[in-house]
Number of protein chains: 2
Amino acid sequence: MEHEQGAVVLRSLRLKVTPRRLAVMNCLGEERAYLSAEEVWHRVRPRLGSIGLPTVYRILDELAGAHIVTRIFRSDRKQYYFLCPNQEHHHHFVCDSCRHVEDMDLCGLDGMTREIVRRSGGRVLSHILQVNGLCAECSKQNREMP
Amino acid sequence: MEHEQGAVVLRSLRLKVTPRRLAVMNCLGEERAYLSAEEVWHRVRPRLGSIGLPTVYRILDELAGAHIVTRIFRSDRKQYYFLCPNQEHHHHFVCDSCRHVEDMDLCGLDGMTREIVRRSGGRVLSHILQVNGLCAECSKQNREMP
DNA sequence: GTACAAATGAAAGTTGTTTTTGTTTATACG
DNA sequence: CGTATAAACAAAAACAACTTTCATTTGTAC
Ligand SMILES: [Zn+2]
Ligand SMILES: [Zn+2]
Ligand SMILES: [Zn+2]
Ligand SMILES: [Zn+2]
């Protein structure tokens, strides 16, 4: 994610264009894998001179709330973040070993949503869908979970 | 979940049949909604005289690991648990307002899994799927999130 | 440039969960 | 039944991932 591109995104969210926000977006944008807040912190610190960890948490939260970054679920109940260039509604295939994230273009839940509404009469507001496994490379190397 | 039924489940998991494990299973089995560890703790305490919160966590973890209880995802980073009598592979429709959980009989991810494997060459090991919204009753009452 | 709301850092606080350690209890076996 | 043994448990403290607070700095609109 380029500087000007990040600035456009931030302005569209009515957020001020600050060096920290741009740095966090660039950091995630350079990765094809997910990162924790602390990992983002370590990576952006050198570029900025200094940045507080609470600021990183705040920025990631803003970006996740605006669906610019996606939260990745893991069993260690830490929060992980992934910036996906694809802005269409879709979900992710996540490698348990190397953290690589791939898009699954299909959502496939519209049918299920309709079925729920038809059968139970409730209202569907959101859904969580994430597929876990080993990416092609890790699968070959038969690596185990980190 | 009856006492003997719980005992059978525990024995099949090679776990000792203890009053605390039975109480936790009964507690969740009586609910059609999800509970937090602390909520389970409050509910089983009177029946047992006393039980430590770490014990509740340990038992819930054992049961979740054995797929006897399901973890429910929420945006507060607390863990919630639901004991589902349905032992087939399936997923849940969860009410954001009253915590009611309903089964969705279809998984519908086999096709997507095959597509991932075909396109990326990786290996799929698990998936997370949860639909959130308002159940029929809460939808009528137009309740908001708790 | 100036005003002002928004953003940030540093430190302290919160809280859900886990670890540790010593004691109790379920279960198998004689 | 009694006993041995490993598993389960309580209590307390520890842990770690976040969050809050509040004083200071910095974008942004005019
Ligand atoms: Zn991988
Ligand atoms: Zn979807
Ligand atoms: Zn409901
Ligand atoms: Zn499934």
Side-chain angles (χ1 to χ4, degrees), chain A residues 3-4 6-27 34-42 44-66 68-69 71-81, chain B residues 3-4 6-27 34-66 68-69 71-81 146:
Chain A
H3 177 109
E4 229 0 91
V8 169
V9 170
L10 290 174
R11 275 192 277 264
S12 77
L13 300 172
R14 310 268 171 99
L15 295 171
K16 288 186 179 174
V17 179
T18 67
R20 293 157 212 215
R21 287 200 177 115
L22 291 170
V24 167
M25 292 178 81
N26 286 335
C27 169
Y34 62 81
L35 295 173
S36 70
E38 205 162 340
E39 286 160 351
V40 170
W41 185 47
H42 281 123
V44 296
R45 234 168 7 161
R47 308 188 203 175
L48 293 166
S50 91
I51 177 172
L53 187 51
T55 301
V56 175
Y57 275 106
R58 260 187 306 242
I59 292 171
L60 289 171
D61 227 41
E62 289 162 353
L63 296 175
I68 305 299
V69 310
R71 290 179 206 277
I72 300 292
F73 294 87
R74 293 205 33 174
S75 52
D76 62 7
R77 80 203 149 60
K78 281 169 66 174
Q79 307 243 53
Y80 294 92
Y81 302 88
Chain B
H3 177 108
E4 228 1 90
V8 169
V9 169
L10 289 174
R11 273 192 278 264
S12 76
L13 299 172
R14 311 266 171 101
L15 294 171
K16 288 185 179 175
V17 180
T18 67
R20 329 247 125 167
R21 287 202 176 112
L22 291 171
V24 167
M25 292 178 81
N26 285 336
C27 169
Y34 62 81
L35 295 173
S36 70
E38 205 162 343
E39 286 161 351
V40 169
W41 185 47
H42 283 124
R43 289 177 192 222
V44 296
R45 235 173 358 167
R47 309 188 203 177
L48 293 166
S50 91
I51 178 173
L53 186 52
T55 300
V56 175
Y57 274 105
R58 226 180 301 119
I59 292 171
L60 289 172
D61 225 42
E62 289 162 353
L63 297 175
I68 305 299
V69 309
R71 290 180 206 277
I72 301 292
F73 294 87
R74 292 204 33 174
S75 52
D76 60 11
R77 52 203 169 61
K78 286 169 64 174
Q79 309 236 61
Y80 294 91
Y81 302 88

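Here is the naming used below: chain letters follow the sequence lines, and residue numbers restart at 1 for every chain.
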Interatomic distance where OH belongs to A/Tyr80 and C1' belongs to D/dA16 [whole Å] | 12 Å
Please give, in whole Å, the distance from D/dA8 P to B/Leu53 CG?
-> 18 Å
Can you name the residues that form a side chain to side chain contact (heavy atoms under 4.5 Å, CB included) with B/Tyr80, not counting sequence neighbours?
-> B/Tyr34, B/Ser36, B/Ile72, B/Arg74, B/Asp76, B/Lys78, B/Arg99
Nearest listed nucleotide, side chain of B/Lys78, among D/dA17, D/dA11, C/dG16 = C/dG16
Once you round it to whole Å, what is the distance between P of D/dA17 and CH2 of A/Trp41?
-> 12 Å
Is any side-chain nitrogen or oxygen of A/Arg21 closer than 4.0 Å to OP1 or OP2 of C/dA7?
-> yes
Terminal axis angle for the helix from C/dG1-D/dC30 to C/dG30-D/dC1, five pairs an end, nearest 10 degrees = 40°
What is the distance from CG of B/Leu48 to P of C/dT24, rounded to the nearest Å?
-> 18 Å
Quickly work out the B/Gln79 CD to C/dT15 P distance and round it to whole Å.
-> 18 Å
Report yes if some heavy atom in the side chain of A/Glu62 is under 4.5 Å from a heavy atom in the side chain of A/Leu13; otherwise report no.
-> no
Closer than 4.0 Å, any side-chain N/O of B/Tyr57 to the OP1 or OP2 of C/dT17?
-> yes
Judged by nearest nucleotide, the residue sitting upstream toward the 5' end of DNA chain D, B/Arg14 or B/Pro54, is B/Arg14
Between D/dT19 (C1') and B/Asp76 (CG): distance, integer Å = 14 Å
From the candidates D/dC9, C/dA7, C/dG9, the one with an atom nearest any side-chain atom of A/Ile51 is C/dG9
Could you give the CG-to-P distance, from B/Asp61 to D/dA8, as a whole number of Å?
-> 13 Å
Winner on side-chain proximity to B/Arg20, out of C/dA7, D/dA10, C/dT17, is D/dA10
Contact pattern, 5' to 3', of nucleotides 22-30 of chain D - B, S or - by protein heavy atom under 4.0 Å = -----BS--
